Amino acid sequence: MTKIRHKIAVISGKGGVGKSLVTVNLAVALALNGRNGRVGVLDADIHGPCVPKMLGLEGERLQSGPPGVFPAFGPLNIKVVSMAFLLPSVDAPVIWRGPLKMGAIRQFLSDIAWGDLDYLLIDLPPGTGDESLSVLQLLPEMDGVIIVTIPSEVSQDVVKKAVSFARKMGVPILGIVENMSGVVCPHCGEQVDVFGSGGGEKVATDMGVTFLGSIPLDPRISKTTDAGAPFIIEEPDSQAAAVFRKIVEKVERKTEG
Ligand SMILES: Nc1ncnc2c1ncn2[C@@H]1O[C@H](COP(=O)(O)OP(=O)(O)O)[C@@H](O)[C@H]1O
Ligand SMILES: [Mg+2]
């Protein structure tokens with residue numbers, strides 16, 4: 001892990017808010033920003049690993065050699081390691097008890113030959129339970145966490161837990177990203193705020209955390225992601241792609257100083 005300059009974990013209060021999507025697109029935005037081959041993604045979501053599918057690496061298996069386990073290479077030479085690479089099939093569940101699970105995460109982190117990386121993004125399991133805790137504890141000198149939420153009030157309550165969690169762990173919070181903030185009707189052009197609006201920014205202000213940006217709902221995001229093609233490469237002119245690039249600028253400024 002010593003040849004990794006910056007380590008950032010992406011966390012959320014709960015699942016389904018787009019944590020993996022944000023992780024993958026931030027990795028791509030970083031790679032596009034002159035870091036081809038120097039960005040890695042660790043998919044530490046043991047029970048729902050989906051980074052491989054999002055980066056077109058489904059069915060990939062890990063190879064190992066003398067220096068350790070080699071990551072797979074995704075678009076823009078993004079180095080990817082996922083629990084999914086160890087499973088016999090995509091629909092096989094991981095049914096492990098606590099200690100085994102923790103052992104797997106520890107091994108994940110110690111045996112991988114990442115090589116030189118500018119950024120390693122870690123997609124943690126949803127919520128603030130065991131696995132998130134272990135990964136954060138096992139990773140020394142994290143630059144910080146990015147917290148993903150959606151605008152609804154229900155989510156604002158749980159995202160506060162994530163903020164407290166990071167603070168208790170002594171990990172800096174790089175900021176909050178609000179995802180699924182409104183959709184523009186393809187027929188009339190009007191914006192519909194499906195989950196309300198401004199929730200992420202409000203929590204950020206309330207909790208004294210940086211607000212990094214709002215990513216709209218966009219059917220093209222879901223479509224390209226399911227196809228394993230990174231959204232910001234496929235739709236570089238979209239509003240969401242611009243927001244991802246802005247977030248990366250902010251994150252680079254915070255981490256590079
Ligand atoms: N802004 C968005 N617009 C459209 N679809 C989205 C958006 N954000 C996430 N999705 C889709 O929603 C689903 C859940 O996102 P995911 O990143 O897997 O959530 P999490 O990792 O938080 O559980 C995925 O199919 C993803 O492609
Ligand atoms: Mg996920």
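It should be emphasised that the depicted structure is a prediction, and the values quoted were computed from it without experimental measurement. Atoms within a ligand are numbered from 1 in the order they appear, just like the ligands themselves.
- Considering all non-hydrogen atoms of both residues, Ser155 and Thr149 come closest at CB-OG1, 3.5 Å.
- Within a 4.0 Å radius of atom 11 (C) of ligand 1, the protein contributes no heavy atom.
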Practice prompt. Please test Lys202 against Glu153 for salt bridge (charged side-chain N to carboxylate O under 4.0 Å, His left out), starting from the C-alpha separation and ending with a verdict.
Written response: CA-CA 10 Å; Lys202 183 173 179 301; Glu153 273 180 37; over 6 Å; no
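- For atom 6 (C) of ligand 1, the closest non-hydrogen atom on the protein side is Ile221 CG2, 3.9 Å.
- Close to ligand 1: Pro216, with a non-hydrogen atom less than 4.0 angstrom away.
- Residue contacts with ligand 1, taken as heavy atom pairs separated by less than 4.0 Å, involve Asn179 solely via side-chain atoms from C-beta onward.
- Within a 4.0 Å radius of atom 2 (C) of ligand 1, the protein contributes at least one heavy atom.
- Looking at heavy atoms from C-beta onward, Asp43 lies in side-chain contact with Pro52 at the 4.5 angstrom threshold.
- With hydrogens left out, the protein atom closest to atom 4 (C) of ligand 1 is Asp218 O, 3.1 Å, a heavy atom.
- Val145 places none of its side-chain heavy atoms less than 4.5 Å from the side chain of Ile8.
- No continuous path of ILVMFWY side-chain contacts below 4.5 Å connects Phe70 to Ile112, so the two sit in separate hydrophobic clusters.
- Between Val209 and Val163 the shortest side-chain heavy-atom distance falls below 4.5 Å.
- An N or O contact shorter than 3.5 Å links Gly18 to ligand 1 by distance.
- Note on Val158 and Ile147: separate hydrophobic clusters, where clusters join Ile, Leu, Val, Met, Phe, Trp and Tyr whose side-chain heavy atoms are under 4.5 Å apart, directly or indirectly.
- Considering both main-chain and side-chain atoms, Lys19 comes within under 3.5 Å of ligand 1 through a nitrogen or oxygen pair.
- Of all heavy-atom pairs between Gly200 and Glu178, the closest is N-OE1, 2.6 Å.
- Contact record, Phe85 with Arg61: O-NH1, 3.1 Å, taken as the closest heavy-atom pair.
- Shortest contact from atom 24 (C) of ligand 1 to any protein heavy atom: Met54 CE, 4.5 Å.
- Each of the atoms 8 (N), 9 (C), 17 (O) of ligand 1 lies under 4.0 Å from some heavy atom of Leu21.
- Ligand 1 has a nitrogen or oxygen under 3.5 angstrom from a nitrogen or oxygen of Val17.
- Below 3.5 Å of separation, one finds no N or O of Gly15 facing any N or O of ligand 1.
- The protein heavy-atom contact nearest to atom 25 (O) of ligand 1 is Asp226 OD1, 4.3 Å.
- Heavy atoms of Gly16 approach ligand 1 to within less than 4.0 angstrom.
- Not a single N/O/S atom of Thr23, whether from backbone or side chain, sits less than 2.8 Å from the Mg ion (ligand 2).
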Worksheet item: After noting the C-alpha distance and the side-chain angles of Ile215 and Val243, does the key distance pass the side chain to side chain contact (heavy atoms under 4.5 Å, CB included) rule?
Response: CA-CA 6 Å; Ile215 299 154; Val243 177; 3.9 Å; yes
